Amino acid sequence: MSKQKNAIVNLFFAGVGGQGLVLSNQIQARAALLAGFDVKTSDVYGLAMRGGSVYGFNRFGDQVLSSTFAAGLGDILVALEPLEGLRYLPLLRAGGRVVLNTRPVLPSTVLLEKQDYPANPEQLFTQAGLVVDSLDAMSLSLQAGNAKMTNVAMLGALSLHLPQISVSAYTQAIEELVPAKLVAANCQAFELARRG
Amino acid sequence: MAKTEFLTGNEAIAQAVWEAGVRVATSYPGSPTAQLLEALARQEGLHCEWSTSEKVALEVAAGASLAGARSVVVMKHVGINICADPLMTFAYTKINGGFVLVVGDDPGMHSSQNEQDSRCWGPFGFMPILEPSDAATAHAMTKQAFELSEWYQTPVMLRLFDKTAHMGGQVTVGPRQEPAVKGFTPDPNEYYMVPPFSIYRRQRLEERMGGLAEYSENSSLHEEFPGTGDIAVLAAGHLALYTRELAPEVPLFRIGMVYPLPVERIRVFASRFRKVVVIEELLPFIEKDLRAAGINNLEGKAHFKTYGEITPEIIHQALLAAGLDLDPLPVAAQLPAPVPRTPMMCAGCPHRPVIRILKDLKITAHGDIGCYLMGSYQPFEVFVSSISMGASLGLAMGMEKVQAADGAHPPNVAVIGDSTFVHSALPALVNASYNGHVAKVLILDNRATSMTGGQENPSTGKDVRGGQHQSFDYPGFCRVAGVSDVVEIDQFDYDQAKKVLKEKLEQPDHSVVLIATRPCALKYKIKEPHFYVDPDICIGCRTCISVSCPPISMQQYAHKPADKLNSFIDENGCVGCSVCAQVCPVHAIKRSEPGQQVDVPRPVGMPAEEGAGS
């Protein structure tokens with residue numbers, strides 16, 4: 001049992017309602033299934049749709065029982081938004097990796113100037129001993145055609161660290177889960193992020 | 001050939017409901033089970049509906065069961081309160097077609113007003129309760145639930161959590177069965193729930209529960225996992241999975257049927273160990289039942305709270321405290337608590353101007369269940385109360401009666417959405433007229449049940465599959481209910497809306513229903529040119545910030561004094577509702593021209609406009 005547990009890859013997605021986090025979690029799950037792994041996921045819904053904090057667990061391996069994992073066991077944190085990444089930083093293991101979208105989405109208390117947004121999120125991750133891959137996923141999404149594909153751009157950056165899942169598995173997952181007319185643009189956002 | 005699909009708990013149950021040959025499925029949307037009926041409505045061969053309330057949903061599904069067909073009703077935990085009246089007596093009857101109630105509990109209150117424990121309805125209503133662990137067991141248990149319902153002629157409750165409803169996993173799916181509809185044979189003893197018939201049926205429930213207890217003792221819904229050591233664990237649902245991962249060597253009894261419990265089987269299991277740790281969220285339901293049966297080598301709520309969600313970390317800590325020798329969890333990196341993020345009304349949300357006007361008018365507003373409750377958060381903080389579906393009218397009436405007796409006071413206004421109004425405020429409005437209350441009601445008709453994902457409702461008259469039926473006539477109903485002054489307003493015409501609200505709400509001894517008519521910005525996208533701030537006109541007064549819209553922030557501009565901030569609108573977020581521009585006292589916020597680059601300075605550090613906004 002304990003050996004099998006070590007073979008599981010623990011991913012965590014953090015973001016803001018409206019960024020398409022659930023879809024990116026689904027595409028990641030589908031790609032891992034296509035690569036022959038067992039997968040379990042867990043998402044929050046509900047109130048979180050309204051610009052609140054959202055997250056999703058994604059675990060794949062030979063056999064996965066639980067959809068969640070304890071703090072300190074995460075391998076990669078996919079932060080669709082920097083502050084939300086910081087919020088779930090304790091989930092990562094020592095030396096774990098953060099795939100970080102550098103574009104902030106300011107929470108209401110910051111917009112109202114009652115609280116300050118963290119000055120340098122990237123530095124906070126690095127100080128915590130984590131490896132950070134930063135990208136401006138919004139900019140890549142806009143290059144690919146519109147602002148709504150930051151989630152898929154983030155998967156492109158994530159996929160660089162998951163060589164056990166082929167690019168073609170990701171592409172097929174995107175084709176299966178994204179509306180047909182948006183597949184080409186999403187694949188482009190994915191590819192732009194892979195090129196870095 | 002068996003086919004495998006990746007499904008959430010909600011989708012897995014929907015698939016199993018379809019496979020079980022269910023003919024009628026009803027629901028009122030609520031997190032965490034809102035997506036279940038939507039998944040089911042994509043299948044053919046059964047009637048699916050968003051009923052107007054859980055009470056109606058339960059009654060429609062019960063009627064289908066009476067007719068001898070399988071049926072299912074789906075709701076969130078507080079929905080059972082709404083349908084408890086028919087449920088508690090329908091449960092007395094001899095259930096004909098298999099009947100399953102799927103309920104989603106919400107420990108931790110991710111999206112609910114309370115965290116009541118639905119297991120209490122089991123002994124209260126003489127119903128068995130099943131709890132799946134993941135999507136695969138949810139699928140299998142759902143099919144089993146229909147069999148159980150028909151074998152024991154009982155309603156069966158299937159209890160989900162936020163975690164199990166939204167947990168994705170692989171499920172082996174099958175074809176649809178078409179069990180014959182049994183038909184209905186009238187029999188007062190079984191279906192006429194008045195004395196003496198109901199007395200007869202009450203006695204039959206003893207046999208039902210006795211049979212179900214025996215079934216639970218022998219059921220494969222429960223599963224034992226062997227291990228080593230003299231401490232074992234007893235858990236249901238996802239918590240059993242957490243435990244297996246954290247402590248694979250520890251003997252585990254996974255409970256599949258949480259009511260009635262397999263007490264004798266657990267007695268034998270527990271007798272093999274020095275102690276058994278009982279892991280359950282919310283009330284000590286299992287622990288109390290077992291202690292009442294004289295099984296006392298248990299440790300349950302000694303280690304766990306009776307509120308909130310149980311996480312793997314909490315289980316790990318509890319198992320260590322109980323004396324188990326587990327590998328320590330890695331030490332997690334600690335950070336000072338990050339800035340919180342509360343939900344915000346979307347850009348273009350039609351509730352924003354209304355909430356802002358209520359704040360300006362300093363009115364005593366009672367909130368209801370819907371997105372407008374975000375008016376409770378900063379910077380609005382306009383609601384003095386929010387309790388449950390449809391409660392705002394009654395609360396406003398009661399408070400008004402007391403405050404009016406004390407003389408001058410601000411009016412009490414009930415603020416309620418289109419779906420919530422139909423769900424449970426209709427009798428309250430009739431009550432207002434009947435008992436001579438001064439009713440001040442503000443209906444926010446955004447033509448969607450938005451908080452749960454924008455489901456259709458009577459406001460549009462569209463059903464769950466998009467079929468068009470009768471839409472609800474809000475003004476007509478209110479007039480028939482006895483309020484003659486019914487005014488529809490366009491809240492995106494801010495000043496005019498404010499004028500009407502002020503006049504109507506402040507008018508003493510005058511009942512009025514105001515209906516705000518702009519639709520949900522998330523479901524019915526606004527596609528207007530985006531607005532922008534001219535920093536050379538902006539005086540930095542922050543009036544626009546006070547409407548709390550996601551794309552508006554205060555920023556530093558290079559050509560302005562270093563100690564002054566001016567506002568900025570992110571063109572990628574603005575949908576062009578114009579509310580900020582209307583409240584700006586100096587007209588610094590302007591509408592962009594489609595296809596033309598906005599020619600004003602950008603804030604420091606802000607990338608050049610990327611052309612996606614308009």
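Owing to the predicted nature of the structure, the values given are computational and were not obtained by experimental measurement. Lettering of chains follows the sequences in order, A, B, ..., and the numbering in each one begins at 1.
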Point to revise | Exercise: identify the closest heavy-atom pair between A:Q115 and B:P340 | key: OE1-CD, 3.5 Å
Exercise for review: Over all heavy atoms of both residues, which pair between B:H110 and A:Y55 is shortest? Give the atoms and the distance, please.
Suggested key: CE1-OH, 4.0 Å
Practice item. Identify which part of A:L111 has an atom lying under 4.5 Å from any heavy atom of chain B, answering side chain, backbone, both or neither. Key: both
Check your understanding: Side chain, backbone, both or neither: which part of A:D116 has a heavy atom under 4.5 Å from chain B?
Key -> backbone
Practice item. Quick one: pull up CG in A:L34 and CZ in B:F6 and give me the separation to the nearest 0.5 Å. Key: 11.5 Å
Exercise for review: Give, as side chain, backbone, both or neither, the part of B:C549 having an atom under 4.5 angstrom from any heavy atom of chain A.
Suggested key: backbone
Revision key, fill the gap. Taken to the nearest 0.5 Å, the spacing of B:H166 NE2 from A:D43 CG works out to 8.0 Å
Point to revise | Which of A:L92, A:D38, A:N58 touches chain B most, by non-hydrogen pairs under 4.5 Å | key: A:D38
Revision key, fill the gap. When the 4.5 angstrom heavy-atom criterion is applied to A:V110 and chain B, the contacting part is side chain
Practice item. Against chain B, work out which of A:L112, A:V105, A:L33, A:T41 has the most heavy-atom pairs shorter than 4.5 Å and name it. Key: A:T41
Exercise for review: Might you confirm whether atom CG of B:D327 has over 12 heavy atoms from other residues, nucleotides or ligands at distances under 6.0 Å?
Suggested key: no
Point to revise | Donor-acceptor contact below 3.5 Å, side chain B:R542 vs main chain A:E113 | key: no
Review point. Non-hydrogen atoms of chain B under 4.5 Å away: do they reach the side chain of A:A29, the backbone, both or neither?
Key: side chain
Study note, to complete from the structure: In this structure, OG of A:S141 is separated from CG of B:N572 (nearest 0.5 Å) by 9.0 Å
Check your understanding: Quick one: what part of A:R93 sits under 4.5 Å from any heavy atom of chain B, side chain, backbone, both or neither?
Key -> neither
Revision key, fill the gap. Ranked by heavy-atom pairs below 4.5 Å to chain A, first place among B:T311, B:L241, B:I315, B:L329 goes to B:L241
Check your understanding: What is the minimum heavy-atom distance between B:E245 and A:I8, and which atoms define it?
Key -> OE2-CD1, 4.2 Å
**Study point:** Best-contacting candidate, A:Q143, A:K114, A:R30, against chain B by heavy atom pairs under 4.5 angstrom
**Key:** A:K114
Practice item. Under 4.5 Å, counting heavy-atom pairs only, tell me which of B:M345, B:H238, B:K163, B:H316 racks up the most with chain A. Key: B:K163
Exercise for review: Kindly compute the distance separating CZ (B:R341) from CD (A:E84), expressed to the nearest 0.5 Å.
Suggested key: 4.0 Å
Practice item. Check whether B:P379 gets within reach of chain A through its side chain, its backbone, both or neither, counting any heavy atom under 4.5 Å. Key: both
Practice item. Run the numbers on A:T109 and B:Q378 for side chain to side chain contact (heavy atoms under 4.5 Å, CB included), then give the verdict. Key: CA-CA 7 Å; A:T109 49; B:Q378 288 184 8; 3.9 Å; yes
Point to revise | A:L106 side, atom CG; B:I552 side, atom CD1 - distance, nearest 0.5 Å | key: 12.0 Å
Check your understanding: Taking atom CD of A:Q127 and atom CG of B:L335, what is their separation to the nearest 0.5 Å?
Key -> 9.0 Å
Review point. Any donor and acceptor pair, going by atom type alone, linking the side chain of B:E313 with main-chain N or O of A:A70 inside 3.5 Å?
Key: no
Practice item. Quick one: which of B:A332, B:P312, B:G168 has the most heavy-atom pairs under 4.5 Å with chain A, could you say? Key: B:G168
**Study point:** Atom CD of B:Q556: over 12 foreign heavy atoms under 6.0 Å
**Key:** yes
Check your understanding: Are side-chain heavy atoms of B:Y242 and A:T68 found at a separation under 4.5 Å?
Key -> yes
